[in-house]
Amino acid sequence: MGRPTNTAFEGDPEYTAFENFLNESDRSYATKKSYRTSYRKLRALLGKDIADTAQETTAKAIMAATENINSAQALINIAIIVREQINKMPVDYLVEQRNTNKADVVENLKQANMFTILPELEKFDEYLETLWNKNNFRDYIVNFLIRHHYVRNQDLIFDIVETKTATLEDPNANYLWLDRKKQLVHYIRNNYKTAKTYGQKVTKIDNERFLHSVKKCNKQMYCFPLADSPEKIGYVVKKISFAQLGEGLCLKMIINHYRDDIQRLKEISQSRGTDLNTLLTSYNITYQ
C-alpha cells in the first residue's frame with residue numbers, strides 16, 4: 001500500500017485558497033507537494049492562519065524554530081505566497097529576511113561542496129558500457145540521457161511512440177519518438193521543471209546504441225514509463241542510475257569534469273534548461 005494522503009487542514013479556508021492557487025499554477029508535481037508540506041509545517045508552527053500573523057512574528061518564529069537555513073527559506077517562501085499572491089498583503093519584512101538568509105544558503109553550499117567526493121566521469125562511461133554489454137537497454141537509455149543530455153527526474157517520465165501524431169496527443173507529456181524512416185530518436189520534452197521558461201525541447205538523437213536500445217524497449221512494453229506517478233520517479237531513477245547517485249549528483253560529477261570548458265557548460269545549460277549561473281554554483285563542487 002502507498003503512503004496515506006495527508007488530509008491536515010482539509011476544508012480549512014486558507015488552505016483551500018492555497019490549494020486552489022497551486023492547482024492553477026504550472027509548477028511541477030514535486031514542487032506542489034513540497035509547498036503543501038511546507039504550508040502545513042508553517043501553520044503548525046504559527047498555530048493560526050498565515051495571513052492572520054504579522055510578518056515580523058512569522059519571520060522570527062521561522063528563524064527561531066528552524067535550524068536548517070534551506071528549510072527556513074522554504075517556509076518564508078510559503079508565507080510570501082499566502083500573503084502576497086493570494087491575499088495581496090505586504091511582504092517587505094519577509095522578503096528582507098529571505099534576502100538576509102541567502103548569504104547563509106551560499107555558505108552552506110560551499111561547506112557541502114568541500115566534503116563532496118564523487119567518482120570520475122570515466123566511471124560513468126564505463127557503467128554505460130557495462131549496461132550495453134549486459135543488454136540492459138532500459139537502464140542504458142536512462143543513464144545515457146542523464147550522461148549526455150543532463151536531464152532531471154521529471155524529464156525521464158516518457159513514453160516511446162512510433163509516429164509524430166502520437167507525440168501530439170498530450171501536449172503535457174514527454175516522448176521518445178522512434179523515427180524509423182530517419183533512423184533516429186526525437187526526444188520531446190513538454191513537461192520538465194523549467195518548461196515555462198524554456199518551452200518545449202526537442203532533441204534528435206542518432207546514436208546507434210541509443211537507437212537500438214529504444215527499439216528493443218519498444219518491443220518490451222513494460223520498460224516505459226518508468227513510474228506511474230511523479231512522486232515515484234525520483235526513487236526509480238536513483239535506483240538505476242550510475243552508482244545509485246541519482247540525477248543531481250550525476251550532474252555534479254559532469255559539471256566537475258567540464259568545469260573549465262565554458263562552451264560545454266553552456267551546452268549543458270541549454271540542454272537541461274538550467275541557468276548557467278545555477279550550474280556554476282549549485283552543481284559545481286569546486287565552487288568556493
Side-chain angles (χ1 to χ4, degrees), residues 113 116-160 174-178 183-189 191-195 198 201-218 223-227 233-276 278-280 282-287:
N113 286 340
T116 300
I117 301 175
L118 294 171
E120 294 297 324
L121 190 58
E122 289 79 6
K123 296 296 183 181
F124 196 172
D125 292 331
E126 289 174 9
Y127 180 64
L128 275 172
E129 189 72 20
T130 298
L131 292 174
W132 173 258
N133 291 333
K134 290 183 176 180
N135 295 327
N136 190 337
F137 300 117
R138 184 198 66 165
D139 292 9
Y140 182 87
I141 290 171
V142 171
N143 282 278
F144 182 95
L145 291 174
I146 293 173
R147 169 64 179 88
H148 295 291
H149 296 280
Y150 324 109
V151 296
R152 300 179 181 85
N153 291 328
Q154 187 174 341
D155 305 46
L156 293 165
I157 302 178
F158 54 72
D159 283 308
I160 299 175
N174 302 325
Y175 300 95
L176 291 185
W177 167 23
L178 177 55
Q183 286 298 291
L184 57 81
V185 175
H186 304 264
Y187 180 31
I188 302 171
R189 283 177 281 172
N191 188 0
Y192 63 101
K193 184 176 182 179
T194 54
Y198 295 95
K201 285 188 173 292
V202 181
T203 307
K204 295 180 180 180
I205 305 174
D206 59 4
N207 178 277
E208 290 186 6
R209 287 186 173 185
F210 187 81
L211 178 61
H212 179 80
S213 298
V214 172
K215 288 179 178 178
K216 288 291 187 180
C217 283
N218 191 43
C223 291
F224 295 102
L226 285 175
I233 190 64
Y235 169 79
V236 176
V237 172
K238 181 176 176 61
K239 187 175 180 179
I240 65 179
S241 64
F242 166 60
Q244 296 191 354
L245 290 174
E247 57 86 9
L249 287 178
C250 283
L251 181 65
K252 285 192 174 186
M253 180 173 53
I254 293 168
I255 296 299
N256 184 50
H257 182 84
Y258 294 115
R259 63 183 180 273
D260 297 322
D261 185 344
I262 190 62
Q263 187 57 42
R264 179 58 68 92
L265 293 174
K266 288 180 179 178
E267 291 173 6
I268 294 172
S269 169
Q270 177 62 30
S271 180
R272 183 176 172 89
T274 298
D275 177 75
L276 181 60
T278 300
L279 289 181
L280 294 175
S282 297
Y283 292 95
N284 181 5
I285 65 172
T286 63
Y287 173 62

>> Quick check: do Leu226 and Tyr235 have side-chain heavy atoms less than 4.5 Å from each other?
In response: no

> Is a donor on one side and an acceptor on the other found under 3.5 Å between the side chain of Ser269 and the backbone of Leu265?
Replying inline: no

> Any chance the rings of His212 and Phe137 have centres within less than 6.0 Å?
Replying inline: yes

> How long is the span from the OG atom in Ser271 to the NZ atom in Lys266, to the nearest 0.5 Å?
Replying inline: 16.0 Å

>> Donor-acceptor pair, distance only, cut-off 3.5 Å: does the side chain of Thr194 make one with the backbone of Gly273?
In response: yes

> Do you know the tightest heavy-atom contact between Arg189 and Val151?
Replying inline: NH1-CG1, 3.8 Å

> How far does CG of Leu279 sit from CD1 of Ile254, to the nearest 0.5 angstrom?
Replying inline: 10.5 Å

> Distance-only, no hydrogens or angles: does the Arg272 side chain make a donor-acceptor pair with backbone N or O of Tyr150 under 3.5 Å?
Replying inline: yes

> Is a side-chain donor or acceptor of Asn133 paired with a backbone partner of Glu129 at a separation under 3.5 angstrom?
Replying inline: yes

Check residues 119-127 and write down every donor-acceptor pair under 3.5 Å in which the side-chain atom is one partner and the other belongs to a residue at least two apart or another chain.
unit_1 : atom_1 : unit_2 : atom_2 : d
Asp125 : OD1    : Arg147 : NE     : 2.8
Tyr127 : OH     : Ile240 : O      : 3.3

> Among all residues two or more places apart in sequence or in another chain, which pass the side-chain contact (heavy atoms from CB on, under 4.5 Å) test with Ser241?
Replying inline: Asn143, Ile146

>> Please give me the minimum heavy-atom distance between Cys217 and Ile160, naming the atom from each residue.
In response: CB-CD1, 3.9 Å

>> Return the CG to OG distance between Leu176 and Ser213, rounded to the nearest 0.5 Å.
In response: 11.0 Å

> Which pair of non-hydrogen atoms, one from Tyr175 and one from Phe158, has the smallest distance, and what is that distance?
Replying inline: N-CB, 3.9 Å

> In terms of the angle between their ring planes, are His149 and Phe144 parallel, tilted or perpendicular, with boundaries placed at 30° and 60°?
Replying inline: tilted

> CG/Leu128 to CZ/Phe242 distance, rounded to the nearest 0.5 angstrom?
Replying inline: 9.5 Å

> Closest heavy-atom contact between Tyr198 and Thr274?
Replying inline: OH-C, 3.7 Å

>> For Gln270, is there any backbone N or O sitting under 3.5 Å from a side-chain donor or acceptor partner on Lys201?
In response: yes

> Between Asn174 (side chain) and Asn191 (backbone), is there a donor-acceptor pair under 3.5 Å?
Replying inline: yes

> In terms of heavy-atom contacts, does NZ of Lys215 have more than 12 from other residues, nucleotides or ligands at under 6.0 Å?
Replying inline: yes

> Checking Asp206 side chain against Leu184 main chain: does a donor-acceptor pair fall under 3.5 Å?
Replying inline: no

> Residues two or more places apart in sequence or in another chain: which of them pass side-chain hydrogen bond (donor to acceptor under 3.5 Å, both in side chains) with Asp261?
Replying inline: none

